[in-house]
Structures are given as C-alpha cells and as structure tokens.
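Below, chain A is the first sequence line, B the second, and so on; all start at residue 1.
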There are 2 protein chains.
Amino acid sequence: MTERRPFQRETEDRRRDDLIAAALDLLAEGGPQAATVRAISARAGVTAGLIRHYFASKDALMRAAFGVFMQRMTAQAAAALQGAPNDPAMRLARFIVASVSAPVVDALAVGLWAGFLHETRRDPEMRAVHAASYLGFRDQLQALIADLPQRSTALDARRAAIACNSIIDGLWMEGSLLPEAFAAGEVIEIALISAGAVLGVDLWAAHETDRNMR
Amino acid sequence: MTERRPFQRETEDRRRDDLIAAALDLLAEGGPQAATVRAISARAGVTAGLIRHYFASKDALMRAAFGVFMQRMTAQAAAALQGAPNDPAMRLARFIVASVSAPVVDALAVGLWAGFLHETRRDPEMRAVHAASYLGFRDQLQALIADLPQRSTALDARRAAIACNSIIDGLWMEGSLLPEAFAAGEVIEIALISAGAVLGVDLWAAHETDRNMR
DNA sequence: GGCCTTATTATACAATTGTGTAATAAGGCC
DNA sequence: GGCCTTATTACACAATTGTATAATAAGGCC
C-alpha cells in the first residue's frame with residue numbers, strides 16, 4: 001500500500017557535501033528558523049533521517065557547515081597572494097580586492113554570517129574556529145601593512161590593520177546587504193582608495209599597475 | 001488546590017515596555033531561538049498569555065521591538081548634532097564619535113542586529129523601517145561631508161559617505177564583537193583618524209578642539 | 001465595602017521541532 | 001543472478017512552539 005520513495009545510493013562525501021550545502025543555503029536565506037532538519041534534507045533531496053546517519057546530531061551538521069563557511073570566506077583572500085608580485089603595495093591591493101569581491105561579498109553571505117552568529121557564541125568549538133580565522137585574517141592584513149616601505153605614521157601597524165579591516169568589513173556588510181546600491185567594481189574602488197588614504201599609500205595605482213602587468 | 005500566582009496590575013505602557021525590553025534582551029543574548037513567547041514573558045515577570053493581550057501576535061511584538069532598536073541605534077548620532085558648533089569638521093567629528101560609542105557599540109548590539117536580520121528580510125514593514133533609518137543615517141553623513149569646506153577630491157561626496165559609513169559599520173562590528181580587544185577610546189581614535197584620512201580633513205584635531213571648547 | 005471592569009493567569013491545542021528505531025531496497029561482490 | 005551489507009526511507013515520540021479560550025482576582029469607582 002505504502003509505496004516507498006525510490007532512491008540512489010551516493011558516496012559519503014557527496015551526501016555530506018549536499019547536506020552541508022543545503023544547510024548553508026537555508027540558513028543564508030531564512031536564518032536559523034528556516035534551517036530545520038526536514039527543510040535541509042528536503043533541499044538536499046533526501047529524507048530527514050539521513051542527517052543523523054551522516055552527522056551525530058543537527059548541531060554537528062551545523063558545525064561542519066560553519067567550518068566550510070569560514071574556509072570559503074578566508075580562502076579567497078589567501079589565494080590572492082599566491083603568485084602575486086613582490087611589491088608590497090600590490091600584494092596588499094590584491095588582498096583587499098579579493099576580500100571585497102564575490103563570493104565573499106554577495107547577498108547571502110551576510111545572512112549566513114548573521115545566522116551563525118549566535119550559534120558561534122554558544123558552541124565553544126565554533127567559537128574557536130571563528131576566532132582562529134578572524135584573527136588569522138587580521139594578522140595577514142597587519143603583516144602586509146607592516147611590509148609597506150613608506151606609509152603614514154598617523155596609526156601604528158596594529159591600528160592601521162584594524163582600520164583597514166573595518167573598511168573591508170563595513171564594505172562587506174553594505175555590499176552584501178544592498179548589492180543593488182553599488183555599480184560594478186565600485187566597492188573595490190572605494191575599498192582601495194579608502195584604505196590607501198588611511199595608509200598614505202596609493203593602493204589604487206598599485207592595483208592598476210598590477211592589473212596591466214598581468 | 002491550584003493556587004494562582006499573585007500579580008499586580010500595571011499600566012499598558014509599562015507592560016509593553018517591559019515585554020519589548022525582555023524580547024530585545026533575549027534576542028541579543030541567544031538569537032531568535034531564544035526569544036520564545038515563554039522566555040520573553042518569564043523575563044518580563046509575567047505569563048505567556050499576556051503577550052497576546054498587548055500585542056496582536058509575537059511577530060507584532062518583535063516588530064515593535066525592532067522599532068525601538070532602530071531608534072536607539074540612530075538617536076545617539078542625531079542627538080550629537082544638537083547644540084554642536086557650526087564648524088563642519090567638528091560637527092562631522094561629533095557625529096562619528098557618537099556613532100561608534102556606547103550604547104550603539106556594545107557586546108549585545110551586534111547580536112541584536114544579527115537576530116533581527118532575517119526577520120527584517122521577511123517582514124515588509126520591518127524592511128521599510130530598516131531602510132528608512134539606514135538611508136537616513138547615510139544621508140546625514142553625506143550632508144555633513146558635503147559641508148566640509150575643503151576635502152580630498154579622491155572620492156565624490158556619495159562615495160566618501162559610503163567609505164565613512166563603512167568605517168563606522170566595520171568598527172561597530174569589531175568593537176561589538178570583540179570589545180575586550182580595544183582600549184578605552186581607541187575605537188573613537190581609529191574612526192576619526194581613518195575617516196579624516198579618507199576625507200583629507202583632520203577630524204581628530206577638530207574633535208580635540210571641540211572637546212577643549214566645551 | 002460591594003460591584004464591575006479587565007488585566008492577568010491557567011490550560012488546552014495543533015503544528016513543528018530534533019531524535020530514536022525499525023523496515024526496506026539499492027547495488028557491489030562472488 | 002542471488003546474497004549481504006548498509007544507505008535510505010518510514011514511522012513514532014516527547015518536547016517545544018505560537019495561539020486560542022476560559023477562569024480568576026486585582027483594584028478603581030460609587
């Protein structure tokens with residue numbers, strides 16, 4: 001009488017990835033309320049029980065998803081330095097550009113970030129992952145700034161890094177929340193000019209030179 | 001046999017305010033999951049049913065709470081301009097200082113903001129309130145910048161406002177998330193020096209002068 | 001001091017949540 | 001092609017959610 005739903009067996013990695021992707025999608029779109037086990041499994045094309053077959057609990061799934069999210073957020077900026085020229089200003093410009101470009105900045109990113117915020121505060125493991133990638137990002141930024149041969153002395157390296165990080169974070173927030181309010185490339189331009197002004201270095205020129213060299 | 005819990009009658013305003021305050025507290029601390037009708041009413045010292053006596057629904061309560069939150073966030077910056085000197089740089093400095101000071105910036109503010117984000121996206125009424133106060137803030141900022149007699153021409157007024165707003169937003173985020181990472185007044189100093197560098201105006205000096213005049 | 005309005009509590013209810021367990025069929029292996 | 005592992009579905013369950021309704025007592029008014 002009850003005809004069972006047909007299915008295909010998939011590899012463990014594939015199913016985990018699908019479930020994590022579905023969880024991230026739903027959390028980004030509708031917040032924690034929307035990321036229920038049933039919604040996640042439906043989005044992933046499976047039934048609810050399967051989540052507990054691949055993850056010890058829903059929280060474990062969310063932890064895994066958070067790790068993927070954090071990695072996605074920082075990977076782009078780190079990758080931008082690979083194969084970059086030696087000129088410190090160009091390196092910094094590349095780092096900043098990567099930090100305010102897609103997919104770091106898009107309409108769903110800030111939703112995801114907000115959705116994870118409170119879970120991050122609750123769960124010690126997630127808090128550790130978050131702190132590590134956040135401070136890692138700021139340290140990279142500070143190192144790039146310290147390498148600049150001549151920069152404004154209005155702010156020491158630490159405060160300069162905080163200021164640049166704020167510009168990046170603020171533009172990330174605005175660009176993600178109101179993507180339609182910015183023309184193509186405008187966020188990049190504002191980021192480079194602003195950070196350049198704070199540091200007393202023409203990052204926009206460095207960016208242009210770098211781009212023409214490629 | 002069942003002895004009813006004793007209670008005192010309160011004014012309508014008092015109860016509404018208490019319920020809104022409880023809702024904001026819980027949302028800030030634990031996100032949407034924590035702000036249940038039972039938790040809110042318990043925090044406010046009443047029973048769950050009373051919420052629906054003062055608000056048409058839980059959503060209506062959250063809408064009211066969001067209005068209070070938005071007002072609290074913008075009121076401080078607006079109030080900073082009342083009785084301010086005429087010098088445009090001093091006025092802008094006051095505005096920025098107020099925007100990165102408590103209670104706008106504190107550990108709970110960003111939690112509240114994150115907690116409201118998705119509800120803001122769902123509810124058209126909340127979205128309207130949010131857009132109005134956000135754009136109102138940026139317009140005020142842009143007007144203050146446009147009043148500056150001589151400023152850097154690297155960015156037009158609109159982009160300069162976006163850049164300054166990003167600095168404020170970014171510092172708000174970092175200062176709220178990691179309040180222990182900053183010394184007293186440090187956020188203010190970074191904000192003024194950074195925004196000043198972007199605009200080519202010494203906002204820090206204006207701030208100091210203004211402070212000594214008072 | 002008794003009455004009357006209504007603020008407040010108490011209780012019930014259907015819907016939804018995460019989780020636990022049993023049934024089943026998909027597909028690799030021989 | 002049949003068997004066997006186990007990935008997958010199906011179902012059940014207690015807890016929690018927002019909401020609806022009825023019972024009750026607080027306290028102002030005469």
Would Met213(A) and Met90(A) count as a side-chain contact (heavy atoms from CB on, under 4.5 Å) here? Give the steps. CA-CA 11 Å; Met213(A) 276 169 43; Met90(A) 291 186 191; 3.9 Å; yes
Applying a 3.5 Å limit to both distances, which nucleotide forms a Watson-Crick or G-U wobble pair with dT8(C)? dA23(D)
Ranking dT19(C), dA10(D), dT6(D) by distance to the side chain of Arg52(A), first place goes to dT19(C)
Heavy atoms under 4.0 Å, any strand shown: does Glu10(B) hit a base, just sugar-phosphate, or nothing? sugar-phosphate
Who is the Watson-Crick or G-U wobble partner of dT21(C), with both distances under 3.5 Å? dA10(D)
What does Arg9(A) touch in the nucleic acid at a heavy-atom separation under 4.0 angstrom: a base, only the sugar-phosphate, or nothing? base
Parallel, tilted or perpendicular: which fits the ring planes of His207(B) and Trp204(B), with parallel below 30° and perpendicular above 60°? tilted
Under 4.0 Å, counting only non-hydrogen atoms across every strand here, what does Thr36(A) touch: a base, just sugar-phosphate, or nothing? sugar-phosphate
Short side-chain N/O contact from Arg5(A) to OP1 or OP2 of dT9(D), under 4.0 Å: yes
Check every atom of dA26(D), dT8(D), dT19(C) against the side chain of Phe7(B) and return the nucleotide holding the closest atom. dA26(D)
Looking at Leu117(A) and Ala114(B), what are the two nearest heavy atoms and their distance? CD2-CB, 3.5 Å
Relative to the 5' end of DNA chain D, which residue comes earlier, Arg38(A) or His53(A), by the nucleotide with the nearest heavy atom? His53(A)
Ignoring backbone atoms, test whether Tyr54(B) places a side-chain nitrogen or oxygen under 4.0 Å from the OP1 or OP2 oxygen of dT8(C). yes
DNA chain D nearest-nucleotide lookup for Ala48(B) and Pro6(A): closer to the 5′ end is Pro6(A)
Starting at the 5' end of DNA chain C and moving along, which residue's nearest nucleotide shows up first, Thr11(B) or Gln8(A)? Thr11(B)
According to the interplanar angle, ranging from 0 to 90°, do the rings of Phe66(A) and His130(A) count as parallel (below 30°), tilted (30 to 60°) or perpendicular (above 60°)? tilted
Looking at dG28(C), which nucleotide sits across from it as a Watson-Crick or G-U wobble partner, both distances under 3.5 angstrom, or is there none? dC3(D)
